[in-house]
Amino acid sequence: MAKTDSTGSTWRYRWAHRQNERRQRAFRAADEAWRRRDDELRRLRTLAVSFHGSAQAGVGLPMELAPGEVVFWTLPAAQLVEVRHTAVLPAPELTVDPDPPVLRPRRPEGVKVVDAGLAVLTNRRLVLLGGRGRRDWAYGRMTGLSHDPGAPVTLIQVLDRRRTSGLLLPTGAVADFRFTLTLAFADAIEQRAAVVAELDELIEEHAAERPQRPPVLTPAQARVSALVPGGRRTVAVGAALALVVPAMLFESNPPTRAGSERAVAATPAPTGTTAPPLVAPAVQVRPTTSPEPSRVRPAPPRGTPQPPVERRCGAPANPFGYDFCGGQRIRRPAAGVCDWFECVPGFWSDRGWLVQCRDGSISRTGGQRDVCAGHKGLRRTVWR
């Protein structure tokens, strides 16, 4: 027997069942996505703590390892690329990207493939053993590093080479390569602990974003609008139409104002019968009071510039949308940020999110114990 409420209807129970099923499906999907990212963050942290390469992995490679050099990672299907028009790349940083973007297997414009072979990552250098020879990128001489956000390409600049070059990899190997390169570079500059600290911070932030199970709805919470197909949205649209349609009809056939009618003059009949007595000519009666002035504000002329609405909360004007109002923390500031803000010395070598120090300069030391050290301490965070 179907369940009914006090009025004998069953639609409230059906509504509660449908709503609870929908909310539970959405929660399960969000919780599963949260768990996948949590597992990935913890896997990366385990690698950052325990993985230190292996000297045995270099056995059989057509290259000689230096004393103390260990192999982190190898890939036999890498391509050597060069850039036709060299640009200055951002300085290498220890940023971990737990959510890598979706990459397409394409070669960016201006990048050409010049060789292919075996890529080897060690704790001191990145090496490509290609058919035309060997290409080395030593971490100690690295001045620029850029991972393409839309293609599986990593470009590197070093002091002893004029042309910018790098690797084009299969899309499935890009995430592991970029993270391992970050670990290898951190080892070279003795900053492995910084990578672990950043992963700890990401895990803590992710834990605070865990989805909560929705409360169970009861039949008593059902509204009458649920009986209408489309629910409250349909009711709202119907109410709006009920107000708009009469207004449109009113505007299309306005009532006749007093004093605006004309008297119709009688004319003699064209027949030979006796004409009726003449009637005074029609006279238009005009209102004695002056018409009310129009309250419609004239539209500004086309092309008139409107003053922009700025939301900076004291931050200098900049094309990146950075401000002091609130939003998201900036872990990867734009390359030209120091053209608009006053950056501290060694700005690009720091790690953490973007903050403003008490002396007015900005620093990438947010979340660290020595935040804004030497610049009078932390003042506030820079947001976007």
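Keep in mind that what you see is a predicted model, and the values were worked out from it rather than measured. For the numbers below, each heavy atom of this structure counts, side chains included, while hydrogens, waters and symmetry mates do not.
Minimum interatomic distance between Leu89 and Ser146 (heavy atoms only, all atoms of both residues): CD2-CB, 4.0 Å. Across all their heavy atoms, Asp148 and Leu103 have their closest contact at O-CD2, 4.0 Å. Considering all non-hydrogen atoms of both residues, Thr95 and Thr182 come closest at O-OG1, 4.1 Å. When all heavy atoms are compared, the tightest approach of Trp348 to Ala91 is CB-CB, 3.9 Å. When every heavy atom of Trp340 is checked against every heavy atom of Ala317, the shortest pair comes out as CE3-O, 3.0 Å. In plain terms, the two heavy atoms of Asp323 and Ala315 that are nearest each other are CA-CB, 3.7 Å.
Here the side chains of Leu169 and Val153 are not in contact, with every heavy-atom distance at 4.5 Å or above. The side-chain heavy atoms of Leu118 and Leu61, taken from C-beta on, include a pair separated by under 4.5 Å. The closest side-chain heavy-atom distance from Arg125 to Val120 is not below 4.5 Å. Proximity of Leu354 to Arg329: side-chain heavy atoms (C-beta onward) are nowhere separated by under 4.5 Å. Residues Lys112 and Val81 form no side-chain contact, since every pair of their non-hydrogen atoms from C-beta on lies 4.5 Å or further apart. Looking at heavy atoms from C-beta onward, Leu121 lies in side-chain contact with Leu181 at the 4.5 angstrom threshold. Side chains of Pro333 and Phe341 form no contact here, defined as non-hydrogen atoms less than 4.5 Å apart. Counting only heavy atoms from C-beta outward, the side chains of Ile156 and Met142 approach each other to under 4.5 Å.
Residues Leu183 and Ile189 share a single hydrophobic cluster, defined by chaining ILVMFWY side chains whose heavy atoms lie under 4.5 Å apart. Residue Leu75 is not grouped with residue Val71 when hydrophobic side chains (ILVMFWY) are merged at heavy-atom distances under 4.5 angstrom, including chains of intermediate members. In this structure, Phe320 is not a member of the same hydrophobic cluster as Val88, with clusters built from ILVMFWY side-chain heavy atoms closer than 4.5 Å. Placement of Leu199 and Leu47 within a single hydrophobic cluster is found when ILVMFWY residues are connected by side-chain heavy-atom separations under 4.5 Å, directly or transitively. The cluster map of Ile, Leu, Val, Met, Phe, Trp and Tyr, joined by side-chain heavy atoms under 4.5 Å apart, puts Leu168 and Leu126 in different clusters.
Checked for salt-bridge contact, Arg43 and Asp39 miss the test: no charged N lies under 4.0 Å from a carboxylate O. Taking the charged nitrogens against the carboxylate oxygens, Arg135 and Asp115 have no contact shorter than 4.0 Å, which rules out a salt bridge. Electrostatic pairing of Asp359 and Lys376 does not count as a salt bridge here, judged by no charged N lying under 4.0 Å from a carboxylate O. Using a cut-off of 4.0 Å between Lys/Arg side-chain N and Asp/Glu carboxylate O, Arg331 and Glu201 are scored as salt-bridged. A salt bridge does not link Arg36 with Glu40: none of the charged nitrogens is closer than 4.0 Å to a carboxylate oxygen. Ion pair Arg84/Glu109 not flagged as a salt bridge, since none of the NZ, NE, NH1 or NH2 atoms sits closer than 4.0 Å to an Asp/Glu carboxylate oxygen.
Residue Arg384 holds its CZ atom at 9.5 Å from CZ of Arg332, rounded to the nearest 0.5 Å. Considering CG of Leu44 and CZ of Phe179, their distance stands at 4.5 Å, rounded to 0.5 Å. Distance check, rounded to the nearest 0.5 Å: CG of Leu155 to CG of Leu167 gives 9.5 Å. We find the CD-CZ distance between Gln79 and Arg107 to be 8.5 Å, quoted to the nearest 0.5 Å. In this structure, CZ on Arg124 lies 11.0 Å from CG on Asp187, to the nearest 0.5 angstrom. To the nearest 0.5 Å, atoms CZ (Arg25) and CG (Asn20) are separated by 11.0 Å.
Judged by distance alone, the side chain of Thr365 and the main-chain N or O of Cys372 form a donor-acceptor pair under 3.5 Å. A donor-acceptor distance shorter than 3.5 angstrom exists from the side chain of Asn318 to the backbone of Pro316, with no hydrogens or angles considered. Remark: the backbone N or O of Val127 is not paired with any side-chain donor or acceptor of Asp136 at under 3.5 angstrom. Side-chain atoms of Arg364 do not come within 3.5 Å of backbone N or O of Trp353 as any donor-acceptor pair. In this structure a side-chain-to-backbone donor-acceptor pair under 3.5 Å is missing from Trp137 to Leu128. When atom types are taken as modelled, the side chain of Arg18 and the backbone of Tyr13 share no donor-acceptor pair closer than 3.5 angstrom.
Arg213 and Gln24 share a donor-acceptor pair across their side chains, judged by distance under 3.5 Å alone. With 3.5 Å as the limit, one finds no donor-acceptor pair spanning the side chains of Glu82 and Ser165. Residues Arg358 and His375 bring no donor and acceptor atom of their side chains to less than 3.5 Å of each other. Side-chain atoms of Ser361 and Glu342 form no donor-acceptor pair, as typed in the model, at a separation below 3.5 Å. Between Arg42 and Thr46, the side chains place no donor N or O within less than 3.5 Å of an acceptor N or O (distance only, hydrogens not considered).
By the 6.0 Å contact criterion, NE2 on His17 is open, its count of non-hydrogen atoms from other residues, nucleotides or ligands being 12 or less.
Taking the six-membered ring where the residue is Trp, the centroids of Trp383 and Tyr322 are separated by 6.0 Å or more.
Between Phe72 and Phe51, the ring planes are perpendicular. Angles over 60° get that label, and only those under 30° would be called parallel.
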Step by step, would you call Val113 with Leu80 a side chain to side chain contact (heavy atoms under 4.5 Å, CB included)? CA-CA 6 Å; Val113 177; Leu80 174 65; over 6 Å; no
Derivation of the side chain to side chain contact (heavy atoms under 4.5 Å, CB included) call for Gln19 and Gln221: CA-CA 11 Å; Gln19 292 297 320; Gln221 295 175 279; over 6 Å; no
What verdict does the side chain to side chain contact (heavy atoms under 4.5 Å, CB included) test give for Leu94 and Phe185, after you've listed the backbone C-alpha separation in whole Å, the side-chain angles of each residue and the deciding distance to 0.1 Å? CA-CA 8 Å; Leu94 303 179; Phe185 181 75; 3.7 Å; yes
Decide side chain to side chain contact (heavy atoms under 4.5 Å, CB included) for Val337 and Ile362; before the verdict, give the C-alpha distance in whole Å, the side-chain angles of both, and the deciding distance to 0.1 Å. CA-CA 10 Å; Val337 65; Ile362 62 170; 4.0 Å; yes
